Amino acid sequence: MSKTTAPWWKSATAYQIYPRSFCDSNGDGIGDIPGIISKLDYLADLEVGFIWLSPVYRSPMADNGYDISDYQDIAPEFGTLDDFDRLASEARDRGIGIVMDLVVNHTSDEHAWFVDARSGRQADKRDFYIWRDPAADGGPPNDMQSFFGGPAWTLDDSTGQYYLHLFDRKQPDLNWENPALRAEIWSMMNWWLDRGIAGFRMDVIDLIGKDIDRGILADGPRLHEYLQEMHRETLAGRDVVTVGEAWSATPENALLYAGRDRSELSMVFQFEHVSQQWDEKLGKWKPKPFDLVALKRTLNKWQAALAEDGWNSLFWGNHDLPRAVSKYGDDQQYRVESAKMLATVLHLMKGTPYIYQGEEFGMTNAVYTEIGQFRDVETLNYYELQVAAGISPQDFIAGANANGRDNARTPVQWSDAPQAGFSSGTPWIDVNPNYTRINAQQACLDPASIHAHYRRLVQLRKELPLIVDGDYQPWLEAHPQLFAYSRHLDGQTLSVVANFGATGLQLDVPPGMQVSGQALIGNYSSRERIGPQLSLEPYEAFAILS
Ligand code: ISL
Ligand code: CA
């Protein structure tokens, strides 16, 4: 078998940690870095190649750390810089890199830069942020809205100007047009890179090139100029992985970020398959039936677009999204089968797969009944706005249960001990009561668990260059219940077949899809053949190598 020459992050599987919800070592109800260290053996056993660590920097936690008040320090509730260094070195000993979350579209309003900036119009750091005079009536300069609901402008009383915040009012946007600001960011990035981290995940990076006065937010005119400058000043010559969060990315512009001659990023997170499942008008707060054909068309399109150049990131969930098995599978009767099916389909595509904490043993959405159980700033802001606009609290809560960000943020269910083994105290957000059945300890003891299935998929990617480099061919794209594709490299074929439904499926297989070979993985009995006829069990998925 030919050895792959691809960079290390192409055969690695990533694992995302949301520190607040991962593991609490000291009983204050908040996950922390020593808690993460205590689970490194668990992650090494899963054989993940790198951890994307959601923010652990000093922060007032208006948005759980996506509001940073000091980029070069650790939030006390998460630990210390020494704890961080120990995490990085103990992870490295296990062959795991740490990828930091780079949140540089905005800071906290408690960052020293903003504290200085708002101290006067002539302040040294004033121009690190985006200020505008009030409109003639004293109101905001324009009607731009925050992604978290409400105006994107807040008046700073003492200096009489509005500052821009595309997220919460405690997250003022940085002014990337200022070269001195960019220089500060490069030096901060180098400080982390010199500490030995494995790369960066870049928060809402497609917003940094914005042109406010022309109303352009995402994919602005100077975006790629800044990313190339960043590469020159920080990333060049370092063997690291970078992934940019880019809600505006399309198959057409993805190569601008990650094309081989661009010197920008390794890959982007694109969200077309996520947002297409939302309501056109009311967005994610309005539940919408799952559309498999749309999902396939999108994922297949991205596979084709980045076939020769660029690289895909592969994910079903993250800390902003619902639990994969609840969103795309069945989190009741067929939880185990459908979670394995989803993992099989995703992990055998071309790209770098990302596992979101708890996904590897099938954690499910929270089911909340009252607004008081929610913690997320986005959900709470929209609740106020939508209820004021006439939507009933029950309808809003149904939407938040389906797509709200707290679904992903309930504590990781380590065991059936009180509070799911997450904390000896009271967790900052309620544990999902199903932890008595669904937990990592149970999954690790069961050779037929979702966890065992993920582990096998991670190993397969490391063992088979075909999974890393093989080309991708979709089958029966218009079929409403089947997801099938094949991968090809050096005369080998990997065939992947999945039933996305809770009912059995009978199929006449097109001649090109018929194969026989070695059963690689599956969630029912072993399969070595895709014959002219195929009969699939509910949520069955398998892969054959021929
Ligand atoms: O999840 C979302 C889709 O509605 C948005 O709320 C989310 O803000 C968007 O995905 C951008 O996310 C990133 O930046 C935010 C932070 O709150 C998210 O956690 C982060 O992933 C602001 O830093
Ligand atoms: Ca703690």
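Indexing begins at 1, ligand by ligand and atom by atom, following the structure's order. What you see is a predicted model; the values in this text were computed from it and never measured.
Taking backbone and side chain together, G27 holds no N, O or S atom under 3.0 Å from the Ca ion (ligand 2). Because the distance cut-off is set at 3.0 Å, S25 fails to qualify as a neighbour of the Ca ion (ligand 2), as none of its N, O or S atoms comes that close.
Screening Y15, F269, F315 for a ring pair (Phe, Tyr, Trp, His ring centres under 6.0 Å) involving Y354 leaves a single residue, F269. Screening P427, S424, P411 for a side chain to side chain contact (heavy atoms under 4.5 Å, CB included) involving Q419 leaves a single residue, P427.
Of all atoms in ligand 1, listed by their number and element, those nearer than 4.0 Å to a heavy atom of F148 are 6 (O), 8 (O), 17 (O). If you number the atoms of ligand 1 from 1 as listed, the ones under 4.0 Å from a heavy atom of H106 come out as 22 (C), 23 (O). Proximity to W278 (heavy-atom distance under 4.0 Å) selects the following atoms of ligand 1: 3 (C), 4 (O). Atom numbering of ligand 1 starts at 1 in the shown order; those under 4.0 Å from a heavy atom of K284 are 1 (O), 2 (C), 3 (C), 4 (O). The ligand atoms of ligand 1 that sit less than 4.0 angstrom from a heavy atom of E378 are 2 (C), 4 (O), 5 (C), 6 (O).
Under 4.0 Å is where a charged nitrogen must lie from a carboxylate oxygen, and between D63 and R405 at least one such pair does.
Ring geometry for W247 against F271 counts as parallel: the plane angle stays under 30°, on a 0 to 90° scale with 60° as the upper cut. Aromatic ring pairs are classed by plane angle as parallel below 30°, tilted from 30° to 60° and perpendicular above 60°; the pair F147 and F167 is tilted.
Protein heavy atom closest to atom 13 (C) of ligand 1, with residue, atom name and distance, is D203 OD1, 2.9 Å.
Residue contacts with ligand 1 leave out M202, since none of its heavy atoms falls under 4.0 Å from the ligand. Residue contacts with ligand 1: F147 is excluded, as none of its non-hydrogen atoms falls under 4.0 Å. Between F269 and ligand 1 there is no heavy-atom distance shorter than 4.0 Å. Look at F271 and you'll find every heavy atom at least 4.0 Å from all atoms of ligand 1.
D279 and W285 share no donor-acceptor pair across their side chains, judged by distance under 3.5 Å alone.
In terms of distance to the Ca ion (ligand 2), the nearest N, O or S atom of D24 is named OD1. The atom name of the N/O/S atom in D28 closest to the Ca ion (ligand 2) is OD1. Its N, O or S atom nearest to the Ca ion (ligand 2) is what matters here, and for D32 that atom is OD2.
No side-chain donor-acceptor contact under 3.5 Å links D219 to the backbone of D206.
Annotation: cation-pi pair R20/W428 present, NZ/CZ under 6.0 Å from the ring centroid and within 45° of its normal. With a 6.0 Å cutoff to the six-membered ring centre and a 45° limit on the axis angle, R182 does not count as a cation-pi contact of W186.
Separating the CG atom in L385 from the CG atom in L380 is a distance of 11.5 Å, to the nearest 0.5 Å.
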